[in-house]
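Structure record follows, encoded as structure tokens.
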Amino acid sequence: MCSEKKYVYSFEEGSLELKSLLGGKGANLGEMTSLGLPVPPGMTVTTEACNLYYESGEQLPEFSREEIRSYLTELEEKMDKSFGDDNNPLLLSVRSGAVISMPGMMDTILNLGLNDQSVKGLAKETGDEKFAYDCYRRFIQMFGEVVLDVEAYKFSRKLDSLKEEVGAETDIDLTVDHLKELIDKFKLIVKEEAEVDFPQDPMEQLITAVEAVFGSWNNKRAIVYRDAHDIDHELGTAVNIQSMVFGNMGQDSGTGVVFTRNPSTGENKLYGEYLLNAQGEDIVAGIRTPEDIQTFKDSLPEVYEQLVEVTETLEKHYKDMQDIEFTVEKGKLYLLQTRTGKRTAKSAIKIAADMAEEGLIDQDQALLRVEPEHIEKVLHRQIDPEAETEVIAKGLPASPGAAAGTVVFSADEAEKIAENGEKVVLVSLETTPEDIHGVLAAEGVLTTRGGMTSHAAVVARGMGKPCVCGCDEIKIDFEAGEFTVGGQTVKEGERITINGGTGEVILGKVKMTEAKLSQECKDILQWADDRRDLQVRTNADNGTDASKAFEFGAEGIGLCRTEHMFMAADRVPIVQRLILSESDQEKRDALTELEPIQCQDFEEIFAEMEGRAVTVRLLDPPLHEFLPNLPELIEEVTELRVKGEKEKLKEKENLLRKVKNMDESNPMLGFRGCRLGVIIPEIYEMQARALFKAAIKLATEEDTKTELEIMIPLVSELAEFEILRERIEEIADQLLTEANLELDYKVGTMIELPRACMTADQIAQKADFFSFGTNDLTQTTFGFSRDDAEGKFLHEYLEREVIEDNPFITLDAAGVGKLVNLAAKSGRQANPDLKVGICGEHGGEPRSIALCQEYGLDYVSCSPYRVPVARLAAAQAKIKKS
Ligand code: PEP
Ligand code: MG
């Protein structure tokens with residue numbers, strides 16, 4: 001087999017446009033090379049080669065090996081070094097680089113090209129024998145683990161026992177002879193475990209390393225990560241082969257990771273860490289705790305200046321915050337990688353707003369940079385400043401927000417306990433990509449080692465989970481299942497709280513508060529408001545929710561569910577009397593008692609909304625929901641029968657008879673919504689009177705005219721709507737005439753049944769507005785019971801990919817959405833003044849909001865905390881459409 005296709009690109013040939021072929025890292029290395037920045041030369045083997053590797057039975061075909069060899073010759077010429085040479089050897093790093101960054105999930109090999117000969121060359125060239133042999137032992141270890149599948153602990157155990165034997169405290173204390181001895185021992189491990197000699201041919205090392213990195217695309221942690229982040233498993237990774245530079249060549253060498261802005265807070269200041277005399281892996285693995293980059297100017301001032309300059313160049317070029325890896329070899333700066341920096345929600349919002357203010361990007365770009373979830377996250381909990389806290393330790397504030405839970409010491413345990421619905425905090429020395437499932441399951445993560453760019457910090461930030469890192473005062477005793485700090489012992493299963501914003505570790509579960517919106521967030525939301533077409537309303541049933549939503553920017557109420565007003569403890573007895581009434585008089589009495597209470601509820605809400613539109617839905621659920629539970633009642637009656645309490649028994653038997661009468665096998669499709677209104681008109685009449693009385697009171701006493709919209713639920717037939725509209729109008733006429741007041745009001749309907757969608761043109765002739773109740777519409781279109789489907793089979797459907805998304809969360813564009821679109825269009829054709837909105841749960845979900853924009857709806861309505869999310873999502877939908 002041979003190929004015309006190109007599978008390898010030198011960095012000079014690479015650029016951002018080729019990202020899907022070269023992966024993020026490869027494309028950026030190409031881009032940086034073109035910008036003239038100091039990047040060690042190399043090549044990228046493409047994502048297509050990765051797929052080829054899998055298609056060819058997990059090996060590279062000969063023609064692509066040949067391509068790598070020929071690029072290698074070029075690289076040798078460029079570097080004036082030769083591969084495997086015992087004089088001036090070329091050494092390489094081999095790293096994965098997917099199109100969408102998957103930090104730490106795949107494998108890396110450093111110092112490739114070292115063998116028994118070239119190690120001597122490296123020693124000669126650097127004049128540092130210890131350094132050369134240290135590189136060689138690291139290489140055997142990494143190659144052994146990644147390529148030859150030798151378990152890591154076999155090497156580390158050998159290293160530890162040698163250190164103990166010779167009395168070396170750290171790796172640095174080992175002598176050349178110790179290292180040579182270790183190399184022999186490591187080779188022996190390879191021979192025993194992998195049953196091969198450690199390969200001395202550098203070309204063989206390279207090809208097998210590339211293959212192993214391609215193979216790591218499908219390791220368990222990478223698969224879990226892709227599942228968690230919705231990344232396509234078919235994409236494949238690219239592999240970058242790059243000439244090595246060394247950060248461990250003395251005190252004028254080092255390595256570090258910097259972000260052009262603070263990834264936690266968004267502050268516009270270089271942020272990051274470095275270690276002198278170290279290789280990149282030392283930082284990422286969190287084994288030595290690195291120094292703050294701000295002190296780098298004291299260690300290597302000239303290099304620091306140059307670093308600041310290149311980071312500025314990169315941020316200006318990419319117009320986004322960059323996460324940059326660098327190495328300094330004997331005073332010379334090299335950039336190993338740049339990528340768009342992962343950031344917390346708070347930081348994403350600040351950076352987007354600041355960059356727009358600085359003119360680096362425009363407002364539309366800023367709006368697209370912030371994800372709706374970011375807005376959701378900044379609305380998240382913090383520790384109540386008033387709360388009494390017992391701080392037992394302090395680590396690095398790695399990812400903001402507060403989390404409380406029971407202490408667990410392993411990722412597996414975290415996953416197991418969280419599955420039972422318990423909240424856990426994962427406490428660990430450090431996390432590795434292997435622990436990803438535990439981080440996912442935990443509320444927050446606390447590590448005793450590692451810095452702000454360690455694995456735990458990066459992953460937790462990406463997930464928006466609170467994280468405290470490098471809390472080295474805490475000593476974990478895994479065997480005893482406890483940790484100690486300052487004389488205190490915390491056992492597995494006890495509760496702690498962590499504050500990822502301050503780094504504090506607190507004993508017990510503490511009180512938390514809801515978050516406030518920052519000024520930058522308010523700016524972003526203001527720009528979103530300027531941009532969007534869709535109005536954003538809220539679903540609120542009381543003054544408190546209405547006030548919260550108003551504060552979050554709701555432009556009105558799109559759904560006030562009045563049944564919630566019937567369910568308060570003081571009202572239930574009256575409602576029960578109403579339902580169980582045996583005479584008209586009894587019914588009238590109960591309604592007379594309820595009316596002023598309802599009226600007061602409405603007054604409160606109208607006052608909060610200060611004249612904005614308020615859509616009030618008349619009673620929807622079946623009446624038996626307000627009555628005692630049938631099985632419990634049967635039990636009570638049986639007990640009374642046994643006890644022979646005649647008087648009470650008679651009363652309960654009477655109640656039981658009525659409850660049984662009202663019992664339905666399928667209440668969701670039963671006597672509810674407008675059907676109640678048609679058959680027992682007195683309830684809706686009472687509600688209409690309460691509504692108009694409240695609106696009249698506010699208009700006359702407070703001079704606030706509410707835009708009242710009365711909504712009739714569950715209409716499927718025009719006649720239902722007509723009957724009820726007529727009654728409402730009669731009541732309105734009477735009350736407004738008595739009050740001598742003119743008040744515009746609307747009467748509309750929920751569209752939540754397929755038949756209503758199909759007859760929307762008829763209903764629209766009589767209705768002033770439609771509000772899509774997509775919860776019921778999803779239920780009735782799919783025939784999935786909204787009470788049962790999610791608990792019974794829907795998660796299996798999702799797992800087995802029978803359906804792609806949960807239709808109760810994301811509007812089903814192909815079915816339910818199509819009905820919404822059709823009904824909105826035919827309704828508007830019949831009545832051009834028809835106002836159309838959505839008030840099902842989908843009204844606060846970004847992808848569904850984009851569909852609402854596509855269908856040209858007038859507004860979305862959602863719960864108060866989702867209002868800011870919806871404001872941004874609506875603007876994004878508009879920008880993307882145009
Ligand atoms: C709906 O069905 O989408 C709706 C908003 O009404 P409810 O959830 O109260 O049935
Ligand atoms: Mg409904």
Side-chain angles (χ1 to χ4, degrees), residues 536-542 545 549 554 556-567 613-626 664 666-677 683-684 687 709-716 720-721 724 748-757 760 763 767 769-790 806-812 815-817 819-821 823-824 835-845 848-849 851-852 855 857-864 866-867 870:
V536 177
R537 293 192 182 186
T538 191
N539 295 356
D541 313 327
N542 54 56
D545 284 0
I557 290 182
L559 174 64
C560 170
R561 292 176 164 106
T562 52
E563 60 270 19
H564 292 170
M565 299 171 176
F566 282 45
M567 277 165 184
V614 179
T615 310
V616 179
R617 179 179 75 187
L618 302 181
L619 192 68
D620 182 16
L623 291 180
H624 66 73
E625 285 199 6
F626 302 99
E664 293 175 307
N666 215 335
M668 269 295 174
L669 301 178
F671 187 36
R672 59 172 280 218
C674 64
R675 300 158 200 172
L676 278 176
I683 300 178
Y684 277 15
Q687 290 195 297
E709 300 179 345
I710 300 177
M711 180 153 77
I712 299 171
L714 220 72
V715 165
S716 62
E720 292 172 319
F721 184 76
L724 295 167
T749 174
M750 293 199 68
I751 299 285
E752 44 190 347
L753 294 170
R755 190 176 192 282
C757 293
I763 300 171
F769 65 88
F770 281 176
S771 179
F772 288 98
T774 43
N775 303 334
D776 272 311
L777 190 57
T778 301
Q779 162 169 263
T780 49
T781 302
F782 274 91
F784 287 173
S785 157
R786 59 193 268 196
D787 294 330
D788 299 323
E790 284 173 281
N806 180 339
F808 290 107
I809 295 176
T810 305
L811 191 64
D812 157 53
V816 183
L819 282 171
V820 170
N821 197 16
K835 211 174 184 187
V836 185
I838 178 174
C839 65
E841 281 310 297
H842 308 89
E845 193 275 327
S848 312
I849 292 172
L851 289 172
C852 294
Y855 306 152
L857 302 198
D858 296 310
Y859 69 87
V860 295
S861 187
C862 55
S863 59
R866 293 173 90 188
V867 165

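No experiment lies behind these values; they were computed from the predicted model shown. Order of appearance sets the numbers: ligands from 1, and atoms from 1 within every ligand.
- Under a 4.0 Å N-O distance rule, the pair Arg672/Asp620 qualifies as a salt bridge.
- The atoms of ligand 1 that sit less than 4.0 Å from any heavy atom of Cys839 are 5 (C).
- Atom 6 (O) of ligand 1 has as its closest protein heavy atom Arg617 NH1, 2.9 Å.
- The two atoms that bring Leu714 and Glu752 nearest to each other are N-OE2, 2.9 Å, heavy atoms only.
- Nearest heavy-atom pair across Thr538 and Pro864 is OG1-N, 3.4 Å.
- The atom of Asp776 nearest to the Mg ion (ligand 2) is OD2, with the search restricted to N, O or S atoms.
- Side-chain N/O atoms of Ser861 and Asn539 include a donor and acceptor closer than 3.5 Å.
- Remark: ligand 1 atoms within the under-4.0 Å shell around heavy atoms of Arg786 are 2 (O), 7 (P), 8 (O), 10 (O).
- Contacts of Leu559 with ligand 1, taken as heavy-atom pairs under 4.0 Å, involve the side chain alone.
- With a heavy-atom cut-off of 4.0 Å, Thr774 touches ligand 1 through its backbone alone.
- For atom 9 (O) of ligand 1, the closest non-hydrogen atom of the protein is Arg561 NE, 2.7 Å.
- Of all atoms in ligand 1, listed by their number and element, those nearer than 4.0 Å to a heavy atom of Met750 are 4 (C), 5 (C), 6 (O).
- The shortest separation from a heavy atom of Gln779 to ligand 1 is not under 4.0 Å, leaving the residue out of contact.
- The contact set between ligand 1 and Gly840, taken as ligand atoms under 4.0 Å from a residue heavy atom, comprises 3 (O), 5 (C).
- Residue contacts with ligand 1: Glu563 is placed with no nitrogen or oxygen under 3.5 Å of a nitrogen or oxygen of the ligand (distance criterion only).
- Each of the following atoms of ligand 1 lies closer than 4.0 Å to a heavy atom of Glu752: 1 (C), 2 (O), 6 (O).
- Each of the atoms 1 (C), 2 (O), 3 (O), 4 (C), 5 (C), 8 (O) of ligand 1 lies under 4.0 Å from some heavy atom of Asn775.
- Across Ser716 and Glu720, no two heavy atoms sit closer than the pair N-OE1, 2.8 Å.
- At a threshold of 4.5 Å between non-hydrogen side-chain atoms, the residues Val836 and Phe772 count as touching.
- In this structure, Glu841 has no heavy atom closer than 4.0 Å to ligand 1.
- Residues Glu709 and Arg617 are not paired through a salt bridge, judged by the lack of any N-O separation under 4.0 Å between the basic side chain and the carboxylate.
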Stepwise, does the side chain to side chain donor-acceptor pair (under 3.5 Å) test hold for Glu841 with Thr774?
CA-CA 7 Å; Glu841 281 310 297; Thr774 43; over 6 Å; no
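- The N, O or S atom of Glu752 lying closest to the Mg ion (ligand 2) is OE1.
- Residue Gly773 places at least one N or O, backbone or side chain, under 3.5 Å from an N or O of ligand 1.
- From Arg537, atom CZ reaches atom OG1 of Thr615 across 4.0 Å, with rounding to the nearest 0.5 Å.
- The shortest distance between side-chain heavy atoms of Phe671 and Leu676 falls below 4.5 Å.
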